Structure formats: C-alpha cells, structure tokens
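Values reported hereafter were calculated over all heavy atoms of this structure, with side chains retained and with hydrogens, waters and symmetry mates removed. All figures in this text were calculated on a predicted structure; none of them were measured in a lab. Counting begins at 1 with the first residue of the sequence.
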Amino acid sequence: MEAQPSPSPPRRGKPPELEDWLNSRIYHPLSGRIAAALAPTPVTPNMVSVAGGTMIVAAGIVYVGIAGWAGVALGFLLHALWHVLDGADGDLARRTGRASPWGELIDGACDYIGHFLLYVIVGVTLAQSVGWWAYPLGLSAGLSRIAQANHSESGRRTYLWRVYGVPWLKQARPDPGSATAEKGLAARLMAAVGRVYVAAAADPLAGRVDELMDGGRAGEAARSLCKRASRAPLRLQSLLGPNWRTVAMALSMATGSALWFFLLEVLAGNALLLWSKHLQKRCDRELAERLGD
C-alpha cells in the first residue's frame with residue numbers, strides 16, 4: 001500500500017472510539033480546563049501526576065475513616081478527581097511542550113502506587129471483619145488490577161499508534177539534542193522500566209502488525225481495516241480500564257466492605273482479561289495476514 005501521512009486524532013481528547021461517556025462528558029472536559037488554567041503557571045505535569053496519586057490514597061483513607069454515606073460520597077469524589085488529574089497531566093504536558101517518556105512513566109508510577117496503597121488501606125480494614133484471608137484476596141485483587149490495567153492501556157495506546165501515529169513508550173525516542181533527552185544511567189533506567197511497563201504489548205505478532213501499520217502511515221485502507229478489526233478488543237479494553245473500578249469501589253464500600261469489589265476484580269476482571277487477550281490476538285492475526293498480502 002502507498003504510504004500516506006499519518007492522521008491526527010481529534011484536537012481535544014482522544015478519538016471517539018476510545019472514549020466512554022464518563023471520559024467524554026465529565027473527566028476529560030474538566031481535565032482540559034485544569035490544564036489550561038495551569039499552563040501559564042510554574043506547575044509541572046509531574047506535579048499534577050503526584051497530586052492525582054495523592055487523591056487515590058486520600059480516597060482510601062476517607063472510605064475507611066468516615067462512616068456512612070458521607071464517607072462513601074467523599075471517597076468517590078476524591079477517587080473521581082484522580083481521573084480528572086490523570087487526564088490533566090498529559091494535557092498540560094502537551095500544551096507546554098513537556099511531553100516525554102519519563103512523564104509517562106511517572107504518571108503510571110503514581111497511578112500504580114496510589115492504587116496499591118488504596119488496596120492496602122481498605123484491605124487492612126476488611127481483615128478486621130473477615131479475618132486473615134482478606135490479605136491474600138486484597139493482594140490478588142491488586143495484582144489483577146495491574147495486569148488488567150497494563151493490558152488495557154497497552155492495547156489502547158497501541159491502537160493510537162497504529163491508526164493515528166501517536167507514539168508512546170514503545171516508540172518514543174527523545175531527540176538527543178533536546179532538553180528532555182536522557183543520558184547515561186537515566187537512559188538505561190528509563191529503557192528498562194519502559195520494557196516492563198509495556199510488557200503486555202510485547203507479543204511478536206503485535207510487533208509485526210506495528211511494523212506493517214508504520215505508525216499510521218500505511219494508508220487509509222490499512223487504517224480502516226485496523227479500526228474495524230479492533231472494535232471488539234477495544235470494547236473489552238475499555239471495560240478493563242479504571243472507570244468502572246471507581247464506581248464499583250464506591251458501591252462496594254456503600255455495603256460497608258471492600259469484599260465485593262475485591263471478588264469482582266479477581267473473578268470477573270480476570271475472566272474479561274483472558275477473553276480480551278484472545279480477541280486481541282485474533283485481531284492481530286487477521287491484521288498480519290491481510291496487511292502482509
């Protein structure tokens with residue numbers, strides 16, 4: 001196929017096929033307003049990422065520290081604020097020209113660490129009512145979240161790269177002459193952490209499709225084929241994302257216990273993960289066969 005310039009996603013937010021109702025109507029519009037307000041200030045995207053992680057931990061503390069519906073409502077609002085800040089850090093980075101692989105790693109680290117601490121906080125409280133087995137259940141839920149979130153984010157970011165040419169940790173390479181270029185030990189550390197962070201997208205077949213799509217430059221026919229083939233995987237990857245978890249956590253805490261949320265994470269979440277991986281491999285196989293003709 002004749003190479004064509006890679007298209008750009010919508011100027012604000014992500015392409016519509018990657019947006020759900022909460023993101024498109026609530027979280028991302030608020031993220032954009034916060035980023036616009038912070039752009040002229042000394043606040044950096046990394047500061048916003050850390051603030052977002054702090055909101056996650058604060059939600060956990062409120063959930064277990066304030067009894068009744070007041071604690072549930074405030075905990076949910078704090079957790080929802082993380083979603084807003086999680087979008088604002090990237091938006092601010094793009095507005096101020098500070099986007100970099102390091103920023104993505106810091107953003108991801110704040111999200112993972114924040115939610116690890118959230119699970120610890122509510123898990124310890126759960127153990128007081130159900131006993132010691134709350135600890136392995138909470139650990140299983142936390143590890144499940146990491147696996148599911150990594151798969152979801154990797155799949156969606158890979159789609160952005162294939163169809164729209166938007167690079168991420170797999171493809172981003174700092175300009176050696178730029179102020180954000182990493183050198184020496186920092187470069188090796190970033191490369192090592194990056195390989196772990198994108199492990200879910202390291203399948204050789206997926207890599208072959210990435211080469212054929214060439215960052216969205218493979219042509220309109222190839223992009224249309226990729227969009228059609230990716231519909232089913234993208235739907236499941238959206239379900240494995242963070243939005244439903246925030247709502248599910250609040251509903252579970254409304255019952256007075258994180259038990260139902262942990263069980264949902266381990267049982268239903270991992271079942272969806274296995275099915276999503278199956279659909280993604282089927283999608284990649286189809287794309288590799290048809291694009292390689």
Side-chain angles (χ1 to χ4, degrees), residues 20 22 27 49-86 105-155 193 196-197 199-200 236-278:
D20 61 18
L22 281 171
Y27 294 146
S49 297
V50 172
T54 303
M55 292 301 103
I56 302 171
V57 178
I61 294 173
V62 168
Y63 272 137
V64 303
I66 300 179
W69 284 101
V72 173
L74 182 55
F76 174 74
L77 288 175
L78 289 170
H79 207 175
L81 182 56
W82 161 69
H83 288 273
V84 177
L85 295 176
D86 190 48
L105 288 176
I106 292 172
D107 181 25
C110 290
D111 295 349
Y112 284 127
I113 293 172
H115 282 102
F116 171 78
L117 293 175
L118 169 65
Y119 280 42
V120 168
I121 292 168
V122 299
V124 168
T125 302
L126 177 63
Q128 296 173 1
S129 60
V130 304
W132 64 269
W133 64 274
Y135 295 115
L137 178 61
L139 177 62
S140 298
L143 294 176
S144 297
R145 182 189 181 99
I146 291 173
Q148 294 161 23
N150 184 270
H151 169 74
S152 173
E153 183 68 9
S154 296
V193 176
V196 174
Y197 189 75
L236 279 186
Q237 287 159 13
S238 177
L239 287 176
L240 289 168
N243 286 354
W244 75 266
R245 286 184 170 87
T246 300
V247 176
M249 169 65 84
L251 292 175
S252 184
M253 296 307 294
T255 69
S257 172
L259 175 62
W260 308 112
F261 174 76
F262 284 166
L263 290 174
L264 184 67
E265 186 91 80
V266 172
L267 299 178
N270 284 331
L272 285 175
L273 174 63
L274 292 175
W275 183 242
S276 179
K277 285 188 173 184
H278 168 73

Suppose we screen for side chain to side chain donor-acceptor pair (under 3.5 Å). Which residues come up paired with Gln237, at least two apart in sequence or across chains?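 Gln280.
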List in chain and number order the residues that pass side chain to side chain donor-acceptor pair (under 3.5 Å) with Asp86, two or more places apart in sequence or in another chain; answer none if no residue qualifies.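 So Asp86 forms no side chain to side chain donor-acceptor pair (under 3.5 Å) with any residue.
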Compile the donor-acceptor pairs under 3.5 Å between side chains in residues 119-130 and protein atoms, sequence neighbours left out, one pair per line.
residue	atom	partner	partner atom	Å
Tyr119	OH	Arg145	NH1	3.4
Tyr119	OH	Glu265	OE1	2.3
Thr125	OG1	Ile121	O	3.2
Ser129	OG	Leu126	O	2.9

Write out all pairs satisfying salt bridge (Lys or Arg N to Asp or Glu O under 4.0 Å) with one or both partners inside residues 52-72, taking only residues at least two apart or from two chains.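 Residue pairs passing salt bridge (Lys or Arg N to Asp or Glu O under 4.0 Å), neighbours aside: none found.
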Does anything in residues 68-77 pair up under salt bridge (Lys or Arg N to Asp or Glu O under 4.0 Å), and if so which pairs, sequence neighbours excluded?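 Found none.
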Close side-chain approach of His83 and Leu22, heavy atoms under 4.5 Å: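 No, side chains not in contact.
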Evaluate the side-chain proximity of Thr255 to Leu251: yes if any heavy-atom separation is below 4.5 Å, no if none is.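 When only atoms from C-beta onward are counted, Thr255 and Leu251 do not touch, as no gap falls below 4.5 Å.
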Rounded to the nearest 0.5 Å, what separates atom [atom1] in [X] from atom [atom2] in [Y]?
{"X": "Leu85", "Y": "Asp107", "atom1": "CG", "atom2": "CG", "answer": "10.5 Å"}
{"X": "Leu240", "Y": "Trp275", "atom1": "CG", "atom2": "CH2", "answer": "13.5 Å"}
{"X": "Leu267", "Y": "Phe262", "atom1": "CG", "atom2": "CZ", "answer": "13.0 Å"}
{"X": "Gln148", "Y": "Leu239", "atom1": "CD", "atom2": "CG", "answer": "11.0 Å"}

Would you tabulate the side-chain donor-acceptor contacts of residues 63-81 under 3.5 Å, counting partners in other chains and residues two or more places apart, or write 'none'?
residue	atom	partner	partner atom	Å
Tyr63	OH	Phe76	N	3.3
His79	NE2	His115	NE2	3.0

With sequence neighbours excluded, tell me which residues meet side-chain contact (heavy atoms from CB on, under 4.5 Å) with Ala248.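 Ala248: side-chain contact (heavy atoms from CB on, under 4.5 Å) contacts with Trp244, Phe261, Leu264.
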Residues in side-chain contact (heavy atoms from CB on, under 4.5 Å) with Leu263, at least two apart? Leu137, Leu259, Trp260
Enumerate the side-chain hydrogen bond (donor to acceptor under 3.5 Å, both in side chains) contacts for residues 131-144, please, sequence neighbours excluded, ordered by first and then second residue.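 For residues 131-144, and leaving out neighbouring residues, the side-chain hydrogen bond (donor to acceptor under 3.5 Å, both in side chains) pairs sorted by first residue read Ser144-Asn270.
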For residues 49-62, run the donor-acceptor check on the side chains, cut-off 3.5 Å, and write out each pair with its distance to 0.1 Å, sequence neighbours left out.
residue	atom	partner	partner atom	Å
Ser49	OG	Pro45	O	3.2
Ser49	OG	Asp89	OD2	2.7
Thr54	OG1	Val50	O	2.9

Ignoring hydrogens and geometry, is there a side-chain-to-backbone donor-acceptor pair from Ser154 to Asn150 under 3.5 Å?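 Flag set: sc Ser154 to bb Asn150 pair under 3.5 Å.
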